[in-house]
Amino acid sequence: MLLSVTDAQKIYPSASGTVRALDGVSLELGAGEFTAVRGQSGSGKTTLLLLAGGLLAPDGGTVMINGQDPYKMASDARAHFRSTEIGFVFQQFHLIPYLSVLDNVLAASIPTHPADAKQRAAQLLAKFGLEHRLHHVPGQLSVGERQRTALARALLNRPKLILADEPTGNLDRENAEAVLGHLTEFANDGGAVLLVTHDDEAASRAKRTIHMAAGKVVE
Amino acid sequence: MNVWRLVVREIAHRKLNFLLGLLSVAVAVGSLVGAMTLVRGNELRTGELLAAKQADVEQAIVEKEKEVAAAGVALNDAMRKITKGLGFNILILPQDQDLNELHVEGTASKSMPEKFVTDLAESRIVTINHLLPIVSKKLRWDEYDRMILLTGTRGEVPQAHRDPKKPLLDHVPAGTMVLGYQLHKQAGLNVGDTVTLMDREFKITETYPERGTADDSTAWVNLAEAQEMLGMQNLVNAILALECNCATQDRVAEIRKDIAAILPGTQVIERGPPALARAEARNKAQATAAAALQHEQAAGREALERETAGRQLVEKQTEDFAAVLVPVVMIGCGVWIGFLALMNVRQRSNEIGILRAIGLKSTQILLIFLGKAILIGLTGALLGYAAGYLVGVSWSDFATTSVKSARLFEPRLLLLAVIIAPLLSGLASWLPAMLAARQDPAIVLQGD
């Protein structure tokens, strides 16, 4: 199993006491699986995604990624683990504004230093139709191009798991299709994709859809 | 791709933030370097001024010494001339000459061998000079019906061990006569006239103006002729001399002792101003000159001390000002750098979040911010040093030439600036950098 979340609990403090963002969520994701997580805002989707990505420690339960519990690692070891095992794609892209498209993708190589980083980055960008944008900064790109750049960054270190939080939320249909197509291709090549989305069309590309409400998996 | 590329790209992207930091460090380093350059310039200028002042004082003292020496020489010369003007003041007489008779009659009645003067001239005596042997006798000049003092002289006898001196009394050639004032005035005689004395003819070659002494009634003729006329061949009545111009307590006693050793059958008396009084006058003049020299030296030293104290006061004021200004500027700069770094961290929270998400370690995040601070410190130090040096050089009254300006360049200060400024800049940015390194990426990413 690439991702195994068991009875995950996450509680946030709030003005009125506490909010149980995750309440006993369990989830498994194997190689080649493309799973969508749907639910209302505040249902705990993003919390589940961050917890699955080794970014947010659970208050209860366990998270195993490719057989290892990242939360038992030291902070820097966990960061390095993330860089090799997980790729992130966000709705807001989170590209670094002062780096070129190529450098934004290569930023993912800072923790890992792969020898072929530049070559692979160029290949990915060419594959995503961005070969003419290598030296442009994000401000000069369309939203679709930005998301494809973010996707190329997520794939640079050949992760086994892609965690995507509303990756098509800001895209038009054509660009959304392109991004979903690449995610599907990644899953078909043996990777695992966990996609958080409100979009029916996006969810329809997943082999499995999980519905969440009030921090629980309801369907 | 590495962290430093991120640092450089971010600097290029957020130029204002970098420039504000750079300006701050440059101002701090520039203040320090400018102040140090000014202080150094003041020190060098002080040294320069004091050296010049010292040279002036020494030159003035040398000049004064020369003046004093010249005055001393002039005084001695004047004293010598005065003494010479007074005429021969040492009288060497036969030992059996009655001095009472001499004073009453005005001439010596006893005689001594003329050879004595040769003995004296060939001796190494230094206490007297200008040796003049004479025969002298008071007699009646029948042709003009008056008493005169006839003096025969052969002129001064040169001393073997001394350079020839200009004679006080010229040689009177045979057949000629020199007349004192009263003689030529009363007899109506002039230069060129021929007169007869004791059946001998003499041509008058010179007449003296009034001296107010026995010289006014004296007729000078050649010594040999006078000796013949008076029946005193190879004899003289006296040897006149001039004592040397030397400072001593009892010159006459020394002269008597020296002459007694050479001419045992003689006696010595001094005429005119006493030697002791002359020596005292000379010593007094020398003491006055020495006091003037001492006064000049003291005045020079005092002027030098005043100049030193004045320059030291200016230096201290500059140093005190720098001691207050530099820490204030450096603290202000540190606070400003820290503030800018904090703003930078807040501005880049999303970037930090994603960098953490894609696997950058907290130490790498720390390095991104500290690296920027170090670059600001290093560049600011170089620019600040250049600016401070230029300001220091342009304000310093020492750096009047390019060579002097180069002397104000201090490599050690530059080295210190490029080490300390990045360190302080890094230190000022440490807290914001730590905040960045500890930032939880989940908080940022949850915002989506």
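Since the structure is predicted, the reported quantities are computational estimates derived from the model, not experimental observations.
The two residues A:R82 and B:R356 come nearest to each other via the heavy atoms NH2-O, 2.8 Å. Smallest separation of non-hydrogen atoms from A:A79 and B:L360: CB-O, 3.8 Å. B:L6 approaches A:Y98 most closely through the heavy-atom pair O-CE1, 3.6 Å. The minimum heavy-atom distance linking B:P441 with A:L55 is given by the pair CG-CD2, 3.8 Å.
Contact of B:I354 with chain A is made through the side chain alone, with heavy-atom distances under 4.5 Å. Contacts between A:A117 and chain B at a heavy-atom distance below 4.5 Å are absent for every atom of the residue. Contact annotation for A:R153: only side-chain heavy atoms (C-beta onward) come within less than 4.5 Å of a heavy atom of chain B. Contacts of A:I110 with chain B are made by both backbone and side-chain atoms, with heavy-atom separations under 4.5 Å. The contact between B:Q364 and chain A is made entirely by side chain atoms (from C-beta outward), counting heavy-atom distances below 4.5 Å. Looking at A:L50, the atoms closer than 4.5 Å to chain B (heavy atoms on both sides) all sit in the side chain, from C-beta outward.
A 4.5 Å side-chain heavy-atom check between A:S83 and B:I358 finds every atom pair outside the cut-off. By the 4.5 Å heavy-atom criterion applied to side chains, B:H13 and A:L99 are not counted as neighbours.
One distance of note links CG of A:D103 with CE of B:M1; it measures 4.5 Å at 0.5 Å rounding. Between the CG atom in B:N350 and the CZ atom in A:F90 there is a gap of 10.5 Å [rounded to 0.5 Å].
A side chain to side chain contact (heavy atoms under 4.5 Å, CB included) with A:I96 is found for exactly one of B:R348, B:E351, B:E10, namely B:E351.
Heavy atoms of other residues, nucleotides or ligands lying less than 6.0 angstrom from CZ of B:F321 number 12 at most. Residue B:R412 places its CZ atom among 12 or fewer non-hydrogen atoms of other residues, nucleotides or ligands, all under 6.0 Å distant. Heavy atoms of other residues, nucleotides or ligands lying less than 6.0 angstrom from CD of B:Q347 number more than 12.
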Checking side-chain hydrogen bond (donor to acceptor under 3.5 Å, both in side chains) for the pair B:R438/A:S75: CA distance, chi angles, key distance, verdict? CA-CA 10 Å; B:R438 290 182 180 182; A:S75 173; over 6 Å; no
